[in-house]
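The block underneath contains the structure these notes are about, expressed in structure tokens.
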Amino acid sequence: MSRILWADDEIDLLQPYIIFLQEKGYDVATANNGSDAVDMCQEQQFDIVFLDENMPGMSGLEALTEIKNAQPSLPVVMITKSEEENIMDMAIGEKIADYLIKPVNPSQILLTLKKHIHQREIVQEHTDSNYRQEFSDISYMINTATTLDEWMAIHRTLVRWDMDLQSADSGMHEMLRMQRAEANAAFAKFIARNYENWFKNGANRPILSTDVFKTKIFPALDNGEKLFLVVIDNFRYDQWKAIQPLLSEFFTVEEEQMYCSILPTATQYARNSIFSGLMPLQIQEMFPDYWVEEEDEEGKNLKEKELIQTQLDRYRKRYQYTYNKINESDYCEKVIQKMRGITSPLNVVVINFIDMLSHSRTESKMMRELASDEAAYRSLTLSWFQHSPTLRLLRSMAEQGYKVVLTTDHGTVRVQNPVLIIGDKNTNTNLRYKVGKSLSCKSKDVFVMEHPKQFGLPAPNVSSSYVYCTGSDFFGYPNNFNYYAQYYRDTFQHGGISMEEMLIPLITLEPKK
């Protein structure tokens, strides 16, 4: 039963209201002055307070201050005869939950209670009901999808429901989790059927990593616009939706798209392809000094700036550009300081924080607890974005009139099911894809590239193949299989085939004038 405190110097005249609320199942306590209301709030627990603004002795505003000092989270609704703006400003400044102008009627009171006490369960009930109604429609979309655009629509829909059900603290999450697993299984089959054809029939293929500059960057530059390309590593579509409201103060979303990361959905392959406009095999053949093999120890993304230049040269673009890779907050501050001196029409910024967050979550028990599932992972991303210099960097871009293309090289997926694979000692260590000789896997739910060159990928040896996990699977070796299965379960990984890894945001932001 919800408990209400109603404080008014004419409380006896409000008995009809109190009886009405009691008949609705509320426990109503009363006070006829501000001092008693404050004392009662200090001694008892209430779910909401209705507080008259104009009482003799301690005024409603004075009582409001004392009540908030005692119980900051207790919602207080101010009831007043006055509509003077300064009274409302003072009340709102003290963080009232709501205010009502006398004379009030019972329906206003009931609506206020629903808004401030029962909103969560009402929203949850309606959200659950709406998802149940749409469940069969989503299943139909999954069973009939034949194009990547349709899969992107499915992914958007599932992300929307994931975030809605999260905010409603819903019991429908398990049903949604099962539907997403169903969708990812069907999506993996779609990729297996169509991926190779995208390279044989390039004219009709969707936008891939190799096409980002050609389709989004060059047209804007050719139109005379000054531009920032911001690439956030490991940035999922749901993480974009989480931070979008923070950017609405100084950007409008000109276009919200997705594009498809190439396979493997790993930085070495996907990000180098963005900057070069080439598939990994082409990079290896045309610019061997810029490609690092899987088994080599050196960094795999040390030539990004040079690869951008090769793409500009190949398309005969003479634009000057800047390139910055941000791995820590201090360097982000330096980039902000250099902003006003930038004159180049094209500016590229790579931000690695979410990639580091993903890896640290795998390695740190505390970080696992902070980001225990997708909702917590989004929340952690939002908190980082809100309090890091990255938000100030983007604000600075807007203030100086830059259009921003915000994207990523690949996403991540929370892995849960270990899959046994056997390979030689030179097989790479990624949990979502393997490249090597004589790979043997116990699962049938994998995608195998026996002839990598047909997919635009280099082959370390003549007999090398690529094997990809799908859905929420991840690879493990026979040695200490159970230990590593437990260690990596529920971590966020990338490299394989899932909507979360492959269908990634490509957002165009226009600065507000």
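Computed over heavy atoms, backbone and side chain alike; hydrogens, waters and symmetry mates excluded.
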Atom NZ of Lys241: over 12 foreign heavy atoms under 6.0 Å: yes

When you measure from the side chain of Lys317 to the backbone of Asp313, do you find a donor-acceptor pair of N or O atoms at a distance under 3.5 Å? no

Under the side chain to side chain contact (heavy atoms under 4.5 Å, CB included) rule, what do Leu393 and Ile326 come out as? Steps first, then yes or no, please. CA-CA 11 Å; Leu393 176 63; Ile326 297 173; 3.9 Å; yes

Test side chain to side chain contact (heavy atoms under 4.5 Å, CB included) on Ile243 and Trp384; report intermediate values, then the result. CA-CA 10 Å; Ile243 71 166; Trp384 156 73; 5.9 Å; no

Check: Met502 and Ile191 side chains under 4.5 Å, non-hydrogen atoms: yes

Contact summary for Pro505 and Phe235, nearest pair of heavy atoms: CD-O, 3.5 Å

Between the side chain of Asn143 and the main-chain N/O of Tyr140, is any donor-acceptor distance below 3.5 Å? no

What heavy-atom pair brings Gln311 and Thr210 nearest, and what distance separates the two atoms? OE1-O, 4.4 Å

If I compare all heavy atoms of Ile154 with all of Ala145, which pair ends up nearest, and what's the gap? CD1-CB, 3.8 Å

So how far is it from Ile207 CD1 to Leu148 CG, rounded to the nearest 0.5 Å? 10.0 Å

Does CD belonging to Glu134 count more than 12 external heavy atoms closer than 6.0 Å? yes

Asp222 and Tyr319, any side-chain heavy atoms less than 4.5 Å apart: yes

To check you understand the geometry: which heavy-atom pair defines the closest contact between Val405 and Thr508, and what is its length? CG2-OG1, 4.4 Å

Any salt bridge between Arg271 and Asp233, counting N to O under 4.0 Å? yes

How far apart are the C-alpha atoms of His155 and Phe187, what are their side-chain angles, what is the distance that settles it, and do they pass the side chain to side chain contact (heavy atoms under 4.5 Å, CB included) test? CA-CA 10 Å; His155 187 39; Phe187 176 72; over 6 Å; no

Do Thr412 side-chain atoms and His494 backbone N/O form a donor-acceptor pair below 3.5 Å? no

With the side chain counted from C-beta on, respond yes when Asp128 and Leu165 share a heavy-atom pair under 4.5 Å apart, and no when they do not. yes

CG of Leu391 to CG of Leu247: how many Å apart, nearest 0.5 Å? 6.5 Å

Do Phe385 and Leu394 have side chains that get closer than 4.5 Å, going by heavy atoms? yes

Output for pair (Tyr323 OH, Glu306 CD), nearest 0.5 Å, gives 8.5 Å

So, Ser248 side chain and Pro245 main chain: donor-acceptor pair closer than 3.5 Å or not? yes

Would you say that Gln244 contacts Ile507 through its side chain, given a criterion of any heavy-atom pair below 4.5 Å between the two side chains? no

Taking everything shown except Lys338 itself, do over 12 heavy atoms lie less than 6.0 Å from its NZ? yes

NZ/Lys325: more than 12 non-hydrogen atoms of other groups inside 6.0 Å: yes

Without swapping roles, check the side chain of Ser472 against the backbone of Arg414 for a donor-acceptor pair under 3.5 Å. no

Heavy atoms, side chains only, cut-off 4.5 Å: are Thr427 and Tyr477 in contact? yes

Side-chain donor or acceptor of Thr470 paired with backbone N/O of Asp445 under 3.5 Å: yes

Could you report the tightest heavy-atom contact between Trp240 and Leu509, atom names first, then the distance? CH2-CD2, 4.1 Å

Which value, rounded to the nearest 0.5 Å, describes the distance between Thr322 atom OG1 and Ile342 atom CD1? 4.5 Å

Test your reading of the model: is there a side-chain donor-acceptor pair from Asp373 to the backbone of Ala375, 3.5 Å cut-off? yes

For residues Met397 and Pro511, determine if any side-chain heavy atom of one lies less than 4.5 Å from a side-chain heavy atom of the other. no

Could you check whether any side-chain heavy atom of Cys469 comes within less than 4.5 Å of a side-chain heavy atom of Tyr433, counting everything from C-beta outward? no

Shortest non-hydrogen pair, Tyr402 vs Leu227, comes out as CD2-N, 3.7 Å

Regarding Lys303 and the six-membered ring of Phe287, is the cationic atom NZ or CZ under 6.0 Å from the ring centre and inside 45° of its axis? no

By side chain to side chain contact (heavy atoms under 4.5 Å, CB included), which residues pair with Thr147, not counting sequence neighbours? Asp149, Glu150

Got a sec: does the NZ of Lys512 have more than 12 other heavy atoms crowding it under 6.0 Å? yes

Starting at NZ of Lys226, measure out to OG of Ser344 and round the result to the nearest 0.5 Å. 11.5 Å

Contacts of Glu254 that satisfy salt bridge (charged side-chain N to carboxylate O under 4.0 Å, His left out) - sequence neighbours left out: Lys403

Between Arg156 (side chain) and Tyr237 (backbone), is there a donor-acceptor pair under 3.5 Å? no

Determine the interplanar angle of the Tyr195 and Phe447 rings, folded into 0 to 90°, and report it as parallel if under 30°, tilted if 30 to 60°, perpendicular if over 60°. perpendicular

Step by step, would you call Asn324 with Tyr331 a side chain to side chain donor-acceptor pair (under 3.5 Å)? CA-CA 9 Å; Asn324 287 279; Tyr331 188 70; 2.6 Å; yes

Side chain to side chain contact (heavy atoms under 4.5 Å, CB included) between Asn272 and Tyr290, intermediate numbers included: CA-CA 9 Å; Asn272 283 336; Tyr290 297 165; over 6 Å; no

For Tyr484, does the OH atom have more than 12 heavy-atom neighbours from other residues, nucleotides or ligands under 6.0 Å away? no

Determine, stepwise, if the pair Gln179 / Trp161 fulfils side chain to side chain donor-acceptor pair (under 3.5 Å). CA-CA 11 Å; Gln179 191 162 52; Trp161 278 116; over 6 Å; no

Is Asp409 reaching over with its side chain to a backbone N or O of Ala270, donor-acceptor style, under 3.5 angstrom? no

For Ser463, is there any backbone N or O sitting under 3.5 Å from a side-chain donor or acceptor partner on Asn461? no

Output every pair passing salt bridge (charged side-chain N to carboxylate O under 4.0 Å, His left out) with a member in residues 493-503, not counting sequence neighbours, ordered by first then second residue. Arg180-Glu500, Arg432-Glu501

Rounded to the nearest 0.5 Å, what's the gap from OH on Tyr131 to CD1 on Ile138? Could you check? 5.5 Å

Test applied, ring-ring contact (aromatic ring centres under 6.0 Å, His included); reference residue, Tyr269; option that passes from Trp291, Phe455, Tyr468, Phe275: Trp291

